[in-house]
Protein chains: 2
Amino acid sequence: MKKVSIKDVANLAQVSIASVSYVLNKMPNNRISEATTKRILEAAETLNYRPNKIAKSLKTNQSKILGFIVADIANPFFGQIAKILEEEAMQVGYTIIVGSSGENNEKFEKLIDFFIDQQVDGLILAPVENSQESLKKLQKQNFPFIILDRYLENSTANSVRINNFDISKKVIDQFIKTNVKNPLLVTYDSDLLNLVDRNNGFYEGINQSKIKTLQPIKVRTNSINEDVFDGLTKRFSEELKPDAIYFTSNKLAFAGLRFLLKTTYKVPEDVQIIAFDESEAYELFPIEISYVKQPMNEIAIKSLELILDQLNNEDKTNKIINLEAELILKESTR
Amino acid sequence: MKKVSIKDVANLAQVSIASVSYVLNKMPNNRISEATTKRILEAAETLNYRPNKIAKSLKTNQSKILGFIVADIANPFFGQIAKILEEEAMQVGYTIIVGSSGENNEKFEKLIDFFIDQQVDGLILAPVENSQESLKKLQKQNFPFIILDRYLENSTANSVRINNFDISKKVIDQFIKTNVKNPLLVTYDSDLLNLVDRNNGFYEGINQSKIKTLQPIKVRTNSINEDVFDGLTKRFSEELKPDAIYFTSNKLAFAGLRFLLKTTYKVPEDVQIIAFDESEAYELFPIEISYVKQPMNEIAIKSLELILDQLNNEDKTNKIINLEAELILKESTR
DNA sequence: ATGAAAGCGCTAACAC
DNA sequence: GTGTTAGCGCTTTCAT
């Protein structure tokens, strides 16, 4: 089965390839007569002509492909975003290619290069630790990209984020409202500012109150389960035991809940829980988990909008889109 | 920042673009002198030259892109496969684009067309119900594709699957071994043969034994949670209550476990459980779930191998790669 | 209202 | 050993 090209359509319709191009691309000031238009349309139909996007890309210098680089596509948070992104992108004629960096900056850079070589028009990035340089390089090259979910120091890049500080403040305020004495923060040991903000919001709430917090558990991204488990074991073995825990990511919460399952501590009687991110998985915990709900649809849709804006407009002003996360209270809080 | 092309490299190195192409593509019988080679390499280096894959694609008629169409990229099963696939593909210079059909055949077809328009070299497909026609169409066009995970009637397509029948037989045998009286099958109402095989393996075990099975719960893919919940409510309200349940997918198991959480039935004392697929999520259930473990890495790697074989070789024989799933016994079985 | 033709960046057959 | 050149399928300027 030989591929049918624009030439074949032109031949069948007895016109030039230019006319075929005009008609099929619905050019605005297309001065092709109705009769010819009809002939061309019919010819394309009978031959089942499908334009070659590669050829078009080469000519127009636009691949209509966007690269999406996440930490881990097997993480449902990113899977969900990817899904929405891909659907929305398709609506407007774009294709998404996804890559997983595995929280590794070298892989992150490699993926960026690979995608640029692939001639993506732009990139949607969830950066990893120490990726400032990679981002600066992109900026220097003037390559279109936006930052999603995570953000870094001094970043002047367009980005879509949530109100990490405020929502964390709300979390601790919720705890305080219920007379918590020893709240515990379980978070990452990371320079990613979204995480730092989550931590800071928590501390802001602590500072405004009269209570003290236990020393936080700060885990490394490459040993989440072990670090959470060890950390919690330690905290619960001490005099002042946590009576409320805030997990700043779904993976942390997951590890923490597994720990609690193996103990006799009761949620929320002995210890209250608030997790970050919605997760189907939480639903198998014996009681329903309170959590910070991120606006997944909005994150994906705004990200797409932002990168497309950047591709189409000359408006080079720095845009930061701040979306609102929501605290959903369930049975794991009092 | 203007893009640097092969011409720029040729100019700087004072050679023709052909020579640049030869050197940079490491042509086997490359007769370029060492000195020239060095000059070209240096020029490419200084200019930070990155070949334009779009142009190369147009010329070679190979995009080095593979399309991967799954039911739902937010389902960790497919997320995991996608991740491995993407990593392996990148090693050999291929890019993966992923699409989610949402178990909808129209979306499935639309994605296929979209990806073909995008000039993918081949497709890796997890088909949906009623997608026989879409697959036949692809076959008629002689378009390279393989089937992953799921399979359909009369499919003569290359495919990678697991031993669905045998592993299900093992599941019921395990139940029978522990003197189960009223095993229950929770499965889909589907014409996908991988699911039919899972059902048949279960029945084969039943038939070889002296026990009877309860009437299975067959759910529709668009209302899993409700159907499982309603079905289980009904079964547990009857005289003969299930004392063992086999869920033929991770989503079914998930819904079923949520049901059990809300009841007072004890696992495994009152009812034993075996689920399909490994899932991090199961870990939040109070006891560990026995499950059928699919060889994710192998599935992804073999799929890639198979489609690449099909692209490179003339060997048009029909290949079915059968991989072994494994029954992992945990606390939810006796 | 339509067509001729240049050219996007690259590969590869062929010439020298 | 190295260069010339045709051409992949398309868009778009310019001519007519």
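Note on naming: letters A, B, ... go to the chains in the order of the sequence lines (proteins, then strands), and numbering restarts at 1 for each one. The analysis underlying the following values was restricted to heavy atoms, covering all of them including side chains, and did not include hydrogens, waters or symmetry mates. Please read these numbers as outputs of a predicted model, since none were measured by experiment.
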Output all residues satisfying side chain to side chain contact (heavy atoms under 4.5 Å, CB included) with B:K53, sequence neighbours left out; order by chain, then residue number.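 Scan of B:K53 (side chain to side chain contact (heavy atoms under 4.5 Å, CB included), adjacent residues dropped) gives A:F114, A:D117, A:Q118.
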Results of side-chain hydrogen bond (donor to acceptor under 3.5 Å, both in side chains) for [X] - residues two or more places apart only:
X	result
B:K110	none
B:E298	none
B:T46	none
A:Q294	A:D277

Helical bend (five base pairs per end, nearest 10°) for the helix from C:dA1-D:dT16 to C:dC16-D:dG1: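 That helix has its two terminal axes inclined by roughly 50°.
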Can you run down the side-chain hydrogen bond (donor to acceptor under 3.5 Å, both in side chains) pairs that involve residues 73-86 of chain A, sequence neighbours left out, and say none if there aren't any?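 Sorted pair list: A:N75-A:N250, A:K83-B:D72.
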Please check: side-chain N/O of A:S303 versus main-chain N/O of A:I299, any donor-acceptor pairing under 3.5 Å?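 Side chain of A:S303 to backbone of A:I299, a donor-acceptor pair under 3.5 Å: yes, one is there.
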Short question: side chain of B:N52, backbone of B:A55 - any donor-acceptor pair under 3.5 Å?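 Between the backbone of B:A55 and the side chain of B:N52 there is a qualifying donor-acceptor contact (under 3.5 Å).
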Taking only residues two or more places apart in sequence or in another chain, which ones pass salt bridge (charged side-chain N to carboxylate O under 4.0 Å, His left out) with B:E88?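 Result, salt bridge (charged side-chain N to carboxylate O under 4.0 Å, His left out) vs B:E88: none returned.
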Mind checking what makes salt bridge (charged side-chain N to carboxylate O under 4.0 Å, His left out) contact with B:E153, not counting sequence neighbours?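 B:E153 satisfies salt bridge (charged side-chain N to carboxylate O under 4.0 Å, His left out) with no other residue.
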Could you list where the contact with chain B starts and ends along DNA chain D, reading 5' to 3', using a 4.0 Å heavy-atom cut-off?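 For DNA chain D, the relevant span reads D:dG1 to D:dG9.
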For B:R150, is there an ion pair with B:E103 - N to carboxylate O distance below 4.0 angstrom?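 Looking at B:R150 together with B:E103, the answer is yes, because their closest N to O distance falls below 4.0 Å.
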Let's see if you get this right: which residues in residues 34-48 of chain A place a heavy atom under 4.0 Å from DNA chain D?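 Hits under 4.0 Å, by residue number: none.
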Once rounded to the nearest 0.5 Å, what's the spacing between atom CD1 of A:I146 and atom CG of A:L311?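 One gets 10.0 Å once the value is rounded to the nearest 0.5 Å.
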Nucleic acid footprint by protein, nucleotides 9-16 of chain C - heavy-atom cut-off 4.0 Å, B for base, S for sugar-phosphate alone: BBBBBBB-
